[in-house]
Amino acid sequence: MPVDARALTEEFVKLLGFEATVTEKQVGDGVLIDIQCDDPGRLIGRQGQTLSQLQYLINRMIYQKDPTASKVTLDVGNYRANARETLIAKAKEAAEKVRRWGDIVELEPMNAFDRRIVHNALKDDPTVETHSVPVEGTTKKAILLRPKR
Amino acid sequence: MQAWLEYVVKGLVDRPDAVVVTPVEKNNMTVYELRLHPTDVGKVIGKQGATIHALRALLQVGSAKQGKRCALELIDELAPKD
């Protein structure tokens, strides 16, 4: 029996005490579950931390029901889409700084998911190159931008 | 909150029939004692405690929304009693 990730998520957030409308859609490489609810800030948390934990729990529950089912991505009121735009804008701004001054710019430590967005945003830029360097005390890495020689 | 907790924990384990949630009132706070089948304890804790941390964080979110204080305690039946 296939798992109904949408219904599972809806039950989850309703039992938690949120008024929510949950929709499911197919995007490129997977399934996106979108939650429209009252009080979205609570479900998102600081820097999307609560949203990540919610997504993790939902995926654990899906896996328990069907280990072959693919993972889903959760979003609350377009938070992920907006965070992505903000991050791309920040990456482009840093690239502009590198272009103008020829300096090396280091972005703050990010997880793999966010770094991928930055690398992809700048991969076609002919003037800068990006690479990740480890940061002590965390599993996150910082991206270095420098002029292409 | 209890219904949510039971729904999620039962969805995470191999033996949902053995999941028991007991609310205990302690100075303005509800502590949910969670008892599981011994083989399911690891599943609810998760790698580096990821699952139990996520459960506690979401419990916090739900209870804060209702203006309550809640905590989750995993009761290990195998622990020696003395």
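In the text below, chain A, chain B and the rest are named by the order of the sequence lines, each starting its count at 1.
Proximity to chain B among residues 31-39 of chain A is limited to A:D38, A:D39, judged by heavy-atom separations below 4.5 angstrom. Taking 4.5 Å as the heavy-atom cut-off, the residues of residues 49-57 of chain A that approach chain B are A:T50, A:Q53, A:L54, A:Y56, A:L57, ordered by number.
Residue with the most contacts toward chain A among B:A57, B:A50, B:A3, B:G46: B:A50 (heavy-atom pairs, distance under 4.5 Å).
Using a 4.5 Å cut-off between heavy atoms, B:L55 contacts chain A through both its backbone and its side chain. In this structure, chain A has a heavy atom under 4.5 Å from the side chain of B:K43, while its backbone stays farther away. Contact annotation for A:F18: both backbone and side-chain heavy atoms come within less than 4.5 Å of a heavy atom of chain B. Contacts of A:I58 with chain B are absent, with no heavy-atom separation under 4.5 Å from either backbone or side chain.
The number of heavy-atom neighbours closer than 6.0 Å to CG of B:N28, taken from other residues, nucleotides and ligands shown, is 12 or below.
Once rounded to the nearest 0.5 Å, the distance linking CE of B:M1 with CG of A:L16 reads 5.0 Å.
A pairwise comparison of heavy atoms in A:F12 and B:Y7 identifies N-CE2, 3.8 Å as the closest pair. In terms of heavy atoms, B:K65 sits closest to A:G17 at CE-O, 3.0 Å. Of all heavy-atom pairs spanning A:Q64 and B:L12, the tightest one is OE1-O, 3.3 Å.
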